[in-house]
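Encoded as structure tokens, here's the structure I'll be asking about.
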Amino acid sequence: MSTTRVTRKPRRYGMVIDIDRCTGCGACVIACAAENNLAPAHSKATERTGVTLVRVVTLSSAESPGTGFGQPRMAAYMPLMCMQCEHETPCVSVCPQQAVEVDKLSGIVEQMPQRCLGCRYCMTACPYHARSFNWADPQWPAGMEATLNPAVAPRMRGVVEKCDFCQSRLNAAQDEAAMNGQSDPGAYTPACVEACATNAIVFGDWNDPESPVSQAAASVETFAWLEKLGTQPKVRFHSRQPWIRAMAARGGAAPAKEVAHG
Amino acid sequence: MFPGVDGFHWSPAHITFLTVFGIVLMAIGTTMLIVLWRTLRDVRSGRGARIRWTEDFEDLPVNERLCRHALSGTAPGRVCPRALDCRECAEHPVYAAREISASAGIPCGLDYPAQRYYHRGHTWVEPLEDGCFAIGMDDLAQRIAGPIDQVRLPAPGETLHANGAAFTVSSRGRRLRLRAPMDGRVVATGGADQPWLVKVKPLEASPRLTHLLHGAEVSAWVRTELERLQVLVSPDATGPVLADGGMLHRDLPGAMPSAPWDEIAGAMLLEP
Amino acid sequence: MADMAWNAIVAVERKLKPRDAVRCPLPQFAAWLAPWMLLFAVGLYAGFLCLRDGLYHTNMDNRFVFGLWIFLDLAIIAFGGGAFFSGFLLYILRRRELGAIIRSAVLTGFLCYAGALLVLMLDVGQPLRAWFTFWHPNTHSMLTEVTFCISCYLLVLAIEYLPTILKNRQLRRIPQALVFGWELHRMMPVLAIVGAFLSFFHQGSLGGLYGVLRGRPFAFREGFAIWPATFFLFILSAIAVGPSFLIVVTRVVEFITRRKHAGGDVYRVLGRISGILLIVYVLAKSVDTIVWLNSTSPQSGFRAWEYYAWEPFGTWILFLEIAGLGLLPAIFLLYFSRTRPERLFVPALAACAGVALNRYVQTIQTQALSTLPFDQFVTYSPSWQEVAAFLGVIAFAVIVYSASYRYLNLFARSH
């Protein structure tokens, strides 16, 4: 029996999220949880101890340096997940046991729950706070196990997890492509992208100039959060609102102004 | 970490890492192996007894490490610098020459025959006609021990090292270890009918016994030892007096059961 | 009957103590240990809860992933630096005065490291996977280096402490024990070098842990080669505060036991070394702070005032760390080590507090500050389980130290 070596084209999957289109409905969060077998929140869980691979955040113009005195207050929503940093990926170099790696073929930052020690050093390193720790054992109410996605292994307690652009869907797409005699799936769609009612999330391969992300990124209104950190995130954002882009241009949160709660 | 394990690459970082920590672990491991090997060698060669004695001696309180000439008053307060081995001491002959031999008697009715040589740990050596030496417990040691139930002696053929363990005696469940006054090969063991417990053949043709107390020095030493014993039995000097002109009790633990005899025996027999 | 049993216990316990040493009576010792035992038991229970149910018993969360445990780990490991540094001074640089306290120093270091490792085992989510770090190490991670060095160094400290244990009145009766201890002691310079190397590296790597955090501009520092500036600052602060911590420990032991254990010469050496190194550290830390505020941080898009605008973490904390608990104790350490070594306790304690504050800032403030412009400054206060587990480890250290003090000779006899 001979094995044929298939050389695949390296991809750099990424997203462009249009903040102006996001309604904050949370469908992406639900779709993600269902796809990735996230257990219902533990009874003792707080908003900061649950497991969410994508969360929806609120942006307020009051926090933006681009908002002048007397201008009307504006708000916007956007989903936030792992940005799949490309350059000096902060979480990869810190992991003591190589449980976080960047897949050279897909550009996806992968977290191996089976090898994770749960030291949470990668969470400290992540500038986007895009990771969740399993503070308790995942538990599903009786009968709910039937709804679990068989393609994704649930994670155990005490490990860190994060968005991997629905790796299982990529695997499925690769399997399908292989069955069709192709070496490369090309495109696939993560759950959140699929669930978004307003098509606010565009997904594709940065290496492919024809891909939707490359097309969307051509605009000057496309930016990345914390670009100056130099980590080259593969998830970028788009907004026509100057106050949002002004927020992105600067670093940390501004304490001088009243921070909107809720 | 190792070649063949997932995640290992033949990269400079991995090779450096493996090398550095390999060296560290090897340094720790080799050190421990060397220590173990040297320990075994010491124990086999008999150096172990000397090392043990040196370590023990260092852990003795200052008043138990005094020079023999400090006891007789020639070198007041002098602490012995070589673990009570006067054979190699350069100062010992100088002080010995200065000793004034005032022959006072042995106090409290203690029996210290003049022909014997005494070790500071209360054992003695007596030269025999056949060139061998008899070793035994001195009178004070016997009184500190009380009635002896059991004696554990070295087997003939074994080697005793000066200041190393010679034999142990048990009394009322308390075990006392006595130190050998000289080096020698055990040729016979004594017991009830003989005054000696072990008979040894010296390792050298003409053994030097200069490190042992003999003659006029013995009485000064016994006096100091009695004073020490007095302090140990009743530190506040209000308790029973041992040597109040009379005779020392034959069974001291039996006479004063409340005194800390375990510590007292340690102090008198140079056991830290 | 109970009386007889008690007398038997007293008699047996008495035989474990050094024969001529002054130690308090057993009931008094038991009374001293009792509250610590209780604290230890509560800590064990808290640790058990965390191990059984997961870390939701702590107040850490997805934003505040390091809390009290990591902060205190860093602090006590810095204090433990005194063990390697005094070993280095005694065995390599031949500062004989330190022989008086070296056993206590080794034990202190051992307890600091063992305590840190115990807490770390609770802190990680999957303690049983700790060996993965040895099997699949990521050589680029500072944490890998820390794990390797700490475990190796703990081994070295245990070996260094072994001769002291073997000198116990009962253990020394084992014929080979003293010989083994003596031979081990002869090899101590080798272990001192290995220990110094390991300790040097992991103290640095603990600093590097934060310095490499490119995504956390409050902690990120540039440096030399692969090591950020905090790598060197942590080494410097650890060897500066280690001797100070030994002063504190020795003084506290002297106070509790009401006995003098170290002469003025020991305090003088420790105070002077600590003071000089602390001055060097304060200078280096100042330069680092200036470079960070004016160059490193702005390059990441963060202006310095942003960090200090959140109450209560104002700039006062920076001044307190560098001047109030850095420069000031250093000056007093140097002054008192020349004039009145018995007064070194307060400046030594202040120096320890300064380095602890540095570890606090590095751990807690880094976590509290948000990086995303729409995110918030988050606060955290430890849960009772975290506090109890930590106090349990402190109690463990106190119990082991007390027992060691009672049954071994931790301080050289004054001749």
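Order of the sequence lines sets the chain letters (A, B, ...), proteins ahead of strands, with each chain counted from 1.
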- Task: Kindly indicate, with the supporting measurements, whether the criterion side-chain contact (heavy atoms from CB on, under 4.5 Å) is fulfilled by C/Leu372 and A/Leu226.
- Result: CA-CA 7 Å; C/Leu372 289 164; A/Leu226 302 174; 3.8 Å; yes

- Between CD1 of C/Ile70 and SG of A/Cys119, what distance do you get to the nearest 0.5 Å?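 Output value for this atom pair is 8.0 Å.
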
- Test side-chain contact (heavy atoms from CB on, under 4.5 Å) applied to C/Met142 and A/Tyr121, step by step: CA-CA 10 Å; C/Met142 288 287 170; A/Tyr121 189 20; 4.3 Å; yes

- Please name all residues satisfying salt bridge (charged side-chain N to carboxylate O under 4.0 Å, His left out) with A/Glu35, sequence neighbours left out, ordered by chain then number. A/Arg169

- Of all heavy-atom pairs between A/Gln114 and C/Phe132, which one has the smallest distance, and what is that distance? O-CE2, 3.4 Å

- Sort by residue number and list every member of residues 205-215 of chain C having a non-hydrogen atom under 4.5 Å from chain A.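 The list, in residue order, reads C/Gly208, C/Leu209, C/Tyr210, C/Val212, C/Leu213, C/Arg214, C/Gly215.
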
- Message: So which residue, C/Leu143, C/Asp61, C/Asp53, ends up with the most heavy-atom pairs under 4.5 Å with chain A?
- Response: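 Winner by heavy-atom pair count: C/Asp61.
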
- Query: In terms of heavy-atom pairs under 4.5 Å, which option from A/Cys116, A/Pro90, A/Gly230 contacts chain C the most?
  - Reply: A/Cys116

- Query: Would C/Phe374 and A/Leu80 count as a side-chain contact (heavy atoms from CB on, under 4.5 Å) if you check the C-alpha gap in whole Å, the side-chain angles of each, and the deciding distance to 0.1 Å?
  - Reply: CA-CA 12 Å; C/Phe374 47 82; A/Leu80 201 66; 4.0 Å; yes

- Message: Is C/Gln299 in contact with chain A via its backbone, its side chain, both, or neither, using a 4.5 Å heavy-atom distance?
- Response: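 Just its backbone gets close to chain A.
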
- Message: Quick check against the 3.5 Å criterion: does C/Asn62 have a side-chain atom that pairs as donor or acceptor with the backbone of A/Thr52?
- Response: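 Such a contact is absent between C/Asn62 side chain and A/Thr52 backbone.
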
- Message: Between A/Lys44, A/Gln98, A/Glu47, who has the most heavy-atom pairs with chain C when the cutoff is under 4.5 Å?
- Response: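 Ranked by heavy-atom pairs under 4.5 Å with chain C, first place is A/Gln98.
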
- Spatial distance of atom NZ (A/Lys228) from atom OG (C/Ser297) [nearest 0.5 Å]: 10.5 Å

- Task: Check whether any side-chain N or O of A/Arg157 sits under 3.5 Å from a backbone N or O of C/Leu55 as a donor-acceptor pair, and report yes or no.
- Result: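 Not at all, since once roles are kept as given, no pair shorter than 3.5 Å links the two residues.
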
- So which residues of residues 124-137 of chain A are in contact with chain C at a heavy-atom cut-off of under 4.5 Å? A/Thr124, A/Ala125, A/Cys126, A/Pro127, A/Tyr128, A/His129, A/Arg131, A/Ser132, A/Phe133, A/Trp135, A/Ala136, A/Asp137

- Query: From A/Thr49 OG1 over to C/Arg63 CZ, what is the distance, rounded to the nearest 0.5 angstrom?
  - Reply: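 Answer for the OG1-CZ pair, A/Thr49 versus C/Arg63, is 14.0 Å.
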
- Item | Under-4.0 Å salt bridge between C/Asp123 and A/Arg120 |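 Salt bridge present between C/Asp123 and A/Arg120.
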
- Query: Of the listed residues (C/Gln367, C/Met60, C/His140, C/Glu145), which shares the most heavy-atom pairs with chain A below a 4.5 Å separation?
  - Reply: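 It is C/Met60.
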
- Is the A/His42 ring parallel, tilted or perpendicular to the C/Tyr56 ring (thresholds 30°, 60°)?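 Rings of A/His42 and C/Tyr56: tilted, as their planes differ by 30° to 60°.
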
- Residues of residues 115-122 of chain C under 4.5 Å from chain A (heavy atom pairs)?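 Near chain A, by residue number: none.
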
- Message: Within this structure, what is the OG1-CD distance for the pair C/Thr147 and A/Gln97, rounded to the nearest 0.5 Å?
- Response: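 Reported to 0.5 Å precision, the distance equals 8.0 Å.
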
- Note on the structure: Whatever's closer than 4.5 Å to a heavy atom in chain A on C/Thr58 counts as side chain

- At what distance, to the nearest 0.5 angstrom, does SG of A/Cys95 lie from NE2 of C/His136?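 The distance works out to 10.5 Å.
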
